[in-house]
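Worksheet: one structure, shown below.
Heavy-atom basis, side chains included; hydrogens, waters and symmetry copies ignored.
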Amino acid sequence: MNTVRGVKNLFLSILFCFGYLTLVGPPRAITMKKKLGKNISLELFGKPLWEVLIIELGIRGSMFIMLAVSLELMLGDDVFKEVYGDEILVGLMVCGILHISAYYLGLVLIAPKNKNLGMRIYRLGRNFAYALFMGILSVSCVLFYQYVNQIIIVKNEISTIFVNIFLIFLFIGIIEAILKANKNASTIDI
């Protein structure tokens with residue numbers, strides 16, 4: 001039983017790191033602010049939450065750029081262009097910006113006054129970003145499969161795959177946001 005729990009915790013840690021590095025995972029500004037509140041000797045003590053969020057975004061952004069450059073160097077220019085690496089990375093950045101915007105709007109601005117509305121806005125924004133991410137992930141897999149097997153897939157088919165996957169996950173996300181609005185999201189620590 002402990003082995004299963006250990007593997008689960010390892011998987012969750014890897015998933016968290018992947019989400020954090022790709023900007024798709026949630027920010028940790030509220031958690032950091034709570035921990036900072038206990039230690040007045042730290043630099044960010046007493047800073048407003050939006051400032052902690054911007055600093056965290058700057059650090060995450062620099063890690064994302066290092067990840068993107070490393071990925072391009074590992075794959076090489078030709079492969080990176082074949083699998084539309086730049087477009088995929090821009091899509092990941094958009095997902096991250098959407099998630100962070102939903103986090104700030106829903107949890108920082110609205111939730112202190114109206115928790116249900118704030119949580120619903122956060123969930124809708126987060127689920128929209130995750131649906132976009134799933135579309136990007138599916139297209140990435142198709143493009144990589146196309147490159148490895150040297151087959152040609154029409155761009156029109158690729159965009160159809162993206163839209164279908166995006167819409168499926170968006171539908172699931174909207175339902176989840178409506179049904180779970182009164183509960184804290186598992187991706188945050190309030």
Would you be so kind as to tabulate the donor-acceptor pairs closer than 3.5 Å made by side chains of residues 68-80, with sequence neighbours excluded?
| residue | atom | partner | partner atom | Å |
| --- | --- | --- | --- | --- |
| S70 | OG | M66 | O | 2.8 |

CZ/R120 to CD1/I174 distance, rounded to the nearest 0.5 angstrom? 12.0 Å
What pairs with I97 under side-chain contact (heavy atoms from CB on, under 4.5 Å), at least two apart in sequence or on another chain? S101
Point-to-point distance, once rounded to the nearest 0.5 Å, from CG of L53 to CZ of R60: 9.0 Å
Between atom CG of L124 and atom CG of L98, what is the distance when rounded to the nearest 0.5 Å? 12.5 Å
Does Y145, at its OH atom, have more than 12 non-hydrogen atoms belonging to other residues, nucleotides or ligands within less than 6.0 Å? no
Between P26 and H99, is any pair of side-chain heavy atoms under 4.5 Å apart? yes
Evaluate the side-chain proximity of R126 to Y103: yes if any heavy-atom separation is below 4.5 Å, no if none is. no
By side-chain contact (heavy atoms from CB on, under 4.5 Å) - contacts of L109 (at least two apart): Y104, L105
Minimum side-chain heavy-atom gap Y122-I110 below 4.5 Å: no
Using distance alone, with no hydrogens and no angle criterion, decide if Y130 and E176 have a side-chain donor and acceptor under 3.5 Å apart. no
Nearest 0.5 Å please: distance from the CD1 atom of I121 over to the CG atom of L107. 10.0 Å
Can I get a per-line list of side-chain donor-acceptor pairs under 3.5 Å for residues 81-91, giving both atom names and the distance, sequence neighbours left out?
none

Return the CE to SG distance between M134 and C95, rounded to the nearest 0.5 Å. 11.0 Å
List the atom pairs, donor and acceptor, that lie under 3.5 Å between side-chain atoms in residues 157-173 and the rest of the protein, sequence neighbours left out.
| residue | atom | partner | partner atom | Å |
| --- | --- | --- | --- | --- |
| S159 | OG | K155 | O | 3.4 |
| S159 | OG | N156 | O | 2.9 |
| T160 | OG1 | N156 | O | 2.8 |
| N164 | ND2 | T160 | O | 3.2 |

Let me check something: do L10 and L15 share a hydrophobic cluster, defined by ILVMFWY side-chain heavy atoms less than 4.5 Å apart, either directly or through other members? no
For I59, enumerate each residue passing the side-chain contact (heavy atoms from CB on, under 4.5 Å) test, keeping only those at least two apart in sequence or located in another chain. I55, M63
Same cluster (ILVMFWY, side-chain, under 4.5 Å), I65 and Y20: no
Could you measure the distance from the CG atom of L132 to the CG atom of L137? Nearest 0.5 Å is fine. 11.5 Å
